[in-house]
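Notes follow the structure.
Fair warning: this is a prediction, and the values are worked out from it, not measured in the lab. To find a chain, count down the sequence lines: A is the first, B the second, and so on, and within it residues start at 1.
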Amino acid sequence: MGYPFQDIEEKWQAIWASQQTYKVDQPSDKPKFYVLDMFPYPSGAGLHVGHPLGYIVSDIVARYKRHKGFNVLHPQGYDSFGLPAEQYAIQTGQHPAVTTETNIKRYREQLDRMGFSFDWSREVRTSDSSYYRWTQWIFSLLFDAWYDTKQDKARPIDALIQHLEHFGTQDLEAACDEDTPTCTAEDWRSMDEMEKQIFLLRFRLTYLAETEVNWCPALGTVLANDEVVQGVSERGGHPVERKKMKQWSMRISAFADRLLQGLESIDWPEPLKEMQRNWIGKSVGASVRFYIENSQRQIEVFTTRPDTLFGVTFLTLAPEHEWVKEITTAQQRAEVEAYIAQAAQRSERERMSEVERISGVFTGAFALHPITNEKIPIWIGDYVLAGYGTGAVMAVPCGDQRDFDFATHFKLPIKNIFKDVDISAAAHTAKENTIIDNSDFIDGLSIPEATQKVIAELGNKGMGEGATTYRLRDAVFSRQRYWGEPIPIYYVNGQPQLVPDECLPLKLPEVSKYLPTADGAPPLGNASEWAWDTTQNKVVSNDKIDDKTVFPLEKNTMPGWAGSSWYFNRYMDAHNTEAFASKDAMAYWKEVDLYLGGSEHATGHLLYSRFWQYFLYDFGLVPVENFAKKLINQGMILGESAFVYRIPDTQIYLSKGLCKGKKVIPVHVDVSLVSAQNELDIEGLKKWQPHFSDATFELEDGKYIVGREVEKMSKSKYNVVNPDAICAQYGADTLRMYEMFLGPIEQAKPWNTAGISGVSNFLNKFWRLFHSGEDFVVSDDKPTKESLKTLHKTIEKVTQDIEQFSLNTSVSAFMIATNELTSQKCNHREILEPLTVLLAPFAPHICEELWALLGHQDSITNAAYPVANPNFLQDDTKAYPISFNGKMRFTLALSTSLSKDEIEAAVMQEERTQTYLDGKTPKKVIVVPNKIVNIVI
RNA sequence: GCCUUGGUGGCGGAAUUGGUAGACGCGCUGGAUUCAAAAUCCAGUUCUUUCGAGAGUGUGGGUUCGAUUCCCACCCAAGGUACCA
């Protein structure tokens with residue numbers, strides 16, 4: 001039988017826990033290494049085999065770095081605020097805190113079962129008030145901050161007030177809502193407190209504003225842009241509509257350029273950086289103003305191609321553009337209004353699905369070209385989006401395909417401004433090797449030259465300037481939910497006021513129901529005690545609200561990403577009650593050295609975290625600007641779903657081979673009811689779900705064969721494989737190594753247990769190296785040179801692989817070593833002891849046991865990592881001068897046991913050699929044992 | 001459409017970055033051990049083949065003595081993204 005993994009794993013897990021083996025010291029003289037996993041949301045379903053993939057990688061790196069002499073911070077916690085617990089509460093009435101606690105307990109059991117070396121003494125939970133008090137505190141800081149674009153950093157709001165006191169908005173460069181307000185110092189001083197607050201709110205980094213938001217009626221809440229995927233909610237897939245609501249927002253747009261630039265200095269995967277770049281969506285170009293004919297009004301457009309200014313033949317406004325009604329002529333009014341009404345009816349989704357359709361209408365109005373003063377017709381078209389740029393474009397049909405299509409469709413003029421380019425069939429969008437023509441003072445120039453000159457000329461005329469726009473929008477921060485951090489705000493005459501810092505945490509109140517109130521207020525509206533008493537500085541009953549000393553509290557809560565945007569700093573000093581982490585702790589740990597998690601967080605968590613870190617850095621609260629130096633995206637482990645095939649309107653199910661040419665409906669069935677040969681356990685299926693009990697199954701060769709398809713692992717697809725069963729059958733060490741062996745970390749791969757016996761065999765073989773029969777037998781004799789070579793080769797390979805995160809090939813290296821040592825009959829301490837340390841990060845339980853059997857009192861965790869001795873790595877290398885046809889030529893023979901004569905003979909025999917050598921001098925012959933490979937000339 | 005990543009046996013996947021393609025594992029075939037099985041061990045396993053050899057890393061070209069690796073064009077897959085001006 002195999003080694004007793006069950007006893008060993010239970011035993012060591014208990015010892016590690018009782019001795020706090022993985023508790024990390026701080027401060028320490030050792031160099032630090034901080035390796036972190038994205039903390040999980042504790043869902044009711046528990047962990048499946050996909051979750052641990054990243055945790056195993058980080059655990060291997062953490063253990064490896066400990067052996068290498070680093071002081072390793074390797075914590076874990078829970079992102080425990082979230083929607084599922086709340087929805088469960090709505091259905092059952094059970095408090096989300098209770099559900100969360102139960103789920104966390106289950107997660108912890110599963111995590112412990114796999115032997116992870118987390119320092120649990122630093123566990124954080126975002127739903128603990130001892131944690132979220134600091135989330136609220138950061139919110140307060142953001143509220144009392146503004147963004148100085150001149151210094152390019154966030155600053156305290158007091159600095160802004162100082163500036164306004166002395167200079168008004170003169171020389172002020174600050175991130176703000178659209179239409180930056182202006183005032184003189186006198187204006188400011190003459191404002192009353194309320195007016196000042198309203199003014200300041202437009203500059204605060206977290207602000208309350210009437211904004212167009214993504215409202216999801218089914219979930220009853222607003223969603224951030226990254227939580228909406230293709231027009232439906234990311235969670236649940238419910239439709240989402242645009243709606244104007246008064247909401248808290250975070251001014252992430254102020255940081256757009258830094259978030260973009262910062263990507264250059266962090267070692268994150270290229271695809272993920274690319275996603276963030278796209279999301280930020282920087283476009284450089286110019287802002288150009290067109291006068292409307294017979295009016296003082298100007299239409300402002302944004303273009304990335306100022307060089308095409310002379311190719312403009314019409315303007316297009318979004319149907320929602322604010323001046324559409326005003327400029328439309330009487331004759332066109334009916335048509336325009338009909339078009340606007342029709343456009344408003346079309347939902348976002350319809351607009352997206354009908355991209356091909358060209359629609360638009362003429363307003364009857366004309367604009368004047370800013371340089372030539374030519375009359376240019378103004379159109380409306382829904383290909384122009386109100387939410388991007390200024391909601392208006394200058395249409396250049398010869399240089400933009402959409403403008404070209406629009407012009408062709410409505411028979412508008414197309415002017416060619418490119419030299420020697422044919423634009424009869426399509427627009428010319430290429431920028432390289434293009435010369436501008438037909439364009440006044442920029443004729444004959446290249447595009448970059450023309451761009452510069454046009455911007456300069458527009459500037460002279462006061463008709464435009466260089467401009468940059470971003471796709472990144474401010475992030476909506478209010479959620480109409482119960483299970484989230486309360487926003488530490490109360491309202492005096494409708495104006496938001498901060499709950500004082502010293503009164504935090506503002507604890508989540510008890511509510512009678514978790515649903516919105518009858519009048520549509522968020523669930524916190526059901527709390528009876530949710531008012532702020534400014535005389536006592538505490539939460540009191542709503543009855544006492546008098547708007548003099550007792551005021552209503554904010555009823556919205558924070559979104560899920562609030563707590564996860566700074567937690568990596570909290571682990572550095574998880575129990576501090578004076579600060580979110582002490583200066584000393586942060587000065588020592590600085591940032592995460594290696595961060596592991598899925599790429600699905602690219603435009604959510606990872607962008608928000610970078611934003612908050614920049615902000616905290618500007619305020620001198622964290623020592624580094626980037627919170628994670630290196631990041632690795634582990635690929636998803638996919639499930640192999642199983643299907644049975646039902647004939648419509650019947651209870652007849654066809655085996656997969658019988659479906660050909662028939663109309664069938666595939667139905668998911670639980671993968672645990674299917675054998676490795678895809679045979680269905682029919683009796684099991686009938687018991688599994690009652691509606692199968694009266695079904696009939698048509699078999700092939702006496703079996704029902706299911707169909708298979710690779711999909712994301714999910715409860716609803718019944719394809720979830722749970723690690724507990726694998727641990728029970730093969731042990732945690734096997735599971736850990738098998739998940740690594742499956743393939744490269746970043747790659748998505750279907751879960752398949754077909755190969756797991758190979759890893760299990762390997763661990764048994766490794767165990768047997770130390771045993772003779774049942775007895776532990778290790779020799780203290782000197783090992784053979786061959787065995788030493790095997791050892792040092794393996795040290796070299798495995799170490800390199802871990803450094804490069806190529807963990808699948810390091811598992812192979814262990815297998816090779818074990819096979820070689822077995823055939824060498826090696827059981828020497830000098831070999832096996834270092835090999836055990838080498839393997840310990842991968843298979844900690846078995847190695848800890850063997851380490852103890854080898855006579856060590858201390859945990860293997862503290863053993864020093866073995867170093868490869870280069871003397872045993874080199875192959876025998878010899879260089880021989882060899883003569884061909886009487887002429888001397890230099891030939892190098894590598895790693896060979898052949899004699900000079902043998903090499904010479906072999907080279908001469910090699911057929912191809914003859915042709916290569918004809919008249920040329922060979923510089924190098926590479927020889928591997930017993931065979932000539934090639935010749936370098 | 002655009003961006004990113006990838007395409008290698010029956011399968012998961014290696015290949016020191018231009019030098020024996022297919023490591024390691026699964027599966028399969030044969031053998032040893034066994035009354036038998038499990039377990040274990042040994043050998044073989046890219047394809048074709050007239051057993052000489054020939055072909056072969058998505059397809060077609062190119063550079064090179066030599067290409068899975070570099071260059072050009074194309075095809076396919078996965079992920080991201082979009083009437084973004």
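- Going from the C1' atom of B/rC28 to that of B/rG10 covers 9 Å, rounded to whole Å.
- Residue A/Q747 places at least one side-chain N or O closer than 4.0 Å to OP1 or OP2 of B/rG13.
- Going from the P atom of B/rU69 to that of B/rU8 covers 13 Å, rounded to whole Å.
- Counting non-hydrogen atoms under 4.0 angstrom, A/D405 reaches nothing in the nucleic acid.
- Remark: the separation of the P atoms in B/rC74 and B/rG25 is 42 Å, to the nearest Å.
- Of the listed nucleotides (B/rU40, B/rA85, B/rA23), B/rA23 has the atom at the smallest distance from the side chain of A/I816.
- B/rC47 sits 13 Å from B/rG22 when the P atoms are compared, rounded to a whole Å.
- In this structure, A/R305 places its CZ atom 11 Å from C1' of B/rA85, rounding to the nearest Å.
- Contact annotation for A/N819: backbone-only contact, meaning every heavy-atom pair under 4.0 Å involves sugar-phosphate atoms and none involves a base.
- Close to B/rU5, at under 4.0 Å from its OP1 or OP2, lies no side-chain N or O of A/N633.
- For B/rG6, the base is anti relative to its sugar; the glycosidic angle deviates from 0 by more than 90°.
- A/I280 places its CD1 atom 15 Å from the C1' atom of B/rC84, with the value rounded to the nearest Å.
- Distance check on atom C1': B/rA78 versus B/rU20 gives 33 Å, rounded to whole Å.
- In this structure, B/rU17 shows a glycosidic angle within 90 degrees of zero, which is the syn conformation.
- Among the atoms of the strands shown, only primed sugar atoms or phosphate atoms (P, OP1, OP2) are found under 4.0 Å from some heavy atom of A/K765.
- The nearest whole Å value for the distance from the CG atom in A/L763 to the P atom in B/rG25 is 13 Å.
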As a quick check of understanding, evaluate side-chain contact (heavy atoms from CB on, under 4.5 Å) for A/V312 and A/K415, giving each step before the final call. CA-CA 8 Å; A/V312 175; A/K415 182 180 168 191; over 6 Å; no
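- Between A/W751 atom CH2 and B/rG12 atom P the separation is 16 Å, expressed in whole Å.
- For A/M815, the side-chain atoms get nearest to B/rG25 when compared with the rest of B/rG25, B/rC26, B/rG13.
- B/rA43 and B/rU5 have their P atoms separated by 42 Å, with the value rounded to a whole Å.
- For A/F302, the listed nucleotide lying nearest its side chain is B/rA85; candidates were B/rC41, B/rA15, B/rA85.
- Under a 3.5 Å cut-off, the side chain of A/T363 and the backbone N or O of A/I378 do form a donor-acceptor pair.
- A/I637 places its CD1 atom 17 Å from the P atom of B/rG79, with the value rounded to the nearest Å.
- In this structure, A/P271 and A/V811 both approach RNA chain B, and ranking their closest nucleotides by distance from the 5' end singles out A/P271.
- For B/rG9, the glycosidic angle deviates from 0 by 90° or less, giving a syn base.
- Comparing B/rU49 with B/rG56, their C1' atoms sit 14 Å apart, to the nearest whole Å.
- Counting non-hydrogen atoms under 4.0 angstrom, A/D403 reaches nothing in the nucleic acid.
- A ring-centre distance under 6.0 Å is not found for A/Y3 and A/H771.
- Aromatic rings from A/Y730 and A/Y738 are positioned such that their centres are separated by 6.0 Å or more.
- The residue A/P744 sits close only to the backbone: its heavy atoms come under 4.0 Å of sugar-phosphate atoms, none of a base.
- Checking B/rA14, B/rU40, B/rG25 against the side-chain heavy atoms of A/N808 singles out B/rA14 as nearest.
- A/R471 has its CZ atom 8 Å from the C1' atom of B/rC84, to the nearest Å.
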Taking it one step at a time, do A/S806 and A/T809 satisfy side-chain hydrogen bond (donor to acceptor under 3.5 Å, both in side chains)? CA-CA 6 Å; A/S806 170; A/T809 52; 2.7 Å; yes
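- A salt bridge does not link A/K749 with A/E739: none of the charged nitrogens is closer than 4.0 Å to a carboxylate oxygen.
- Nearest-nucleotide assignment on RNA chain B puts the 5′-proximal partner with A/V759, out of A/A392 and A/V759.
- Checking B/rC26, B/rA15, B/rC24 against every side-chain atom of A/T809, the shortest atom distance belongs to B/rA15.
- Under the 3.5 Å distance criterion, with hydrogens and angles disregarded, no donor-acceptor pair is assigned to the side chains of A/Y470 and A/S253.
- At B/rA82, none of the side-chain N or O atoms of A/R402 fall inside 4.0 Å of OP1 or OP2 (strictly under the cut-off).
- Scanning RNA chain B for stems, defined as runs of 3 or more consecutive Watson-Crick or G-U wobble pairs whose donor-acceptor distances all fall under 3.5 Å, gives the following ranges: B:1-7 with B:75-81, B:10-12 with B:24-26, B:27-32 with B:40-45, B:46-48 with B:53-55, B:58-62 with B:70-74.
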Could you check A/L807 against A/I60 for side-chain contact (heavy atoms from CB on, under 4.5 Å), going step by step and ending with a plain yes or no? CA-CA 9 Å; A/L807 300 179; A/I60 289 171; 4.1 Å; yes
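- To the nearest whole angstrom, the two P atoms, one in B/rC3 and one in B/rC72, are 14 Å apart.
- Between the side chain of A/D403 and the backbone N or O of A/V396, at least one donor-acceptor pair lies under 3.5 Å.
- The phosphate of B/rA85 (OP1 or OP2) has a side-chain N or O of A/S283 nearer than 4.0 angstrom.
- Note: CG (A/N278) to P (B/rA82) measures 9 Å, nearest angstrom.
- Counting to the nearest Å, the C1' atom of B/rA85 and the CG atom of A/D382 are 15 Å from each other.
- Minimum atom distance to the side chain of A/N761 is reached by B/rC26, of the listed B/rG80, B/rU4, B/rC26.
- Contact annotation for A/Q401: no contact, since no heavy-atom pair falls under 4.0 Å across all strands.
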Result block: side-chain N/O donor-acceptor pairs under 3.5 angstrom for residues 384-393 of chain A, not counting sequence neighbours:
from, atom 1, to, atom 2, distance (Å)
A/Y388, OH, A/S283, OG, 2.8
A/Y388, OH, A/T469, OG1, 3.1
A/T390, OG1, A/E300, O, 2.6

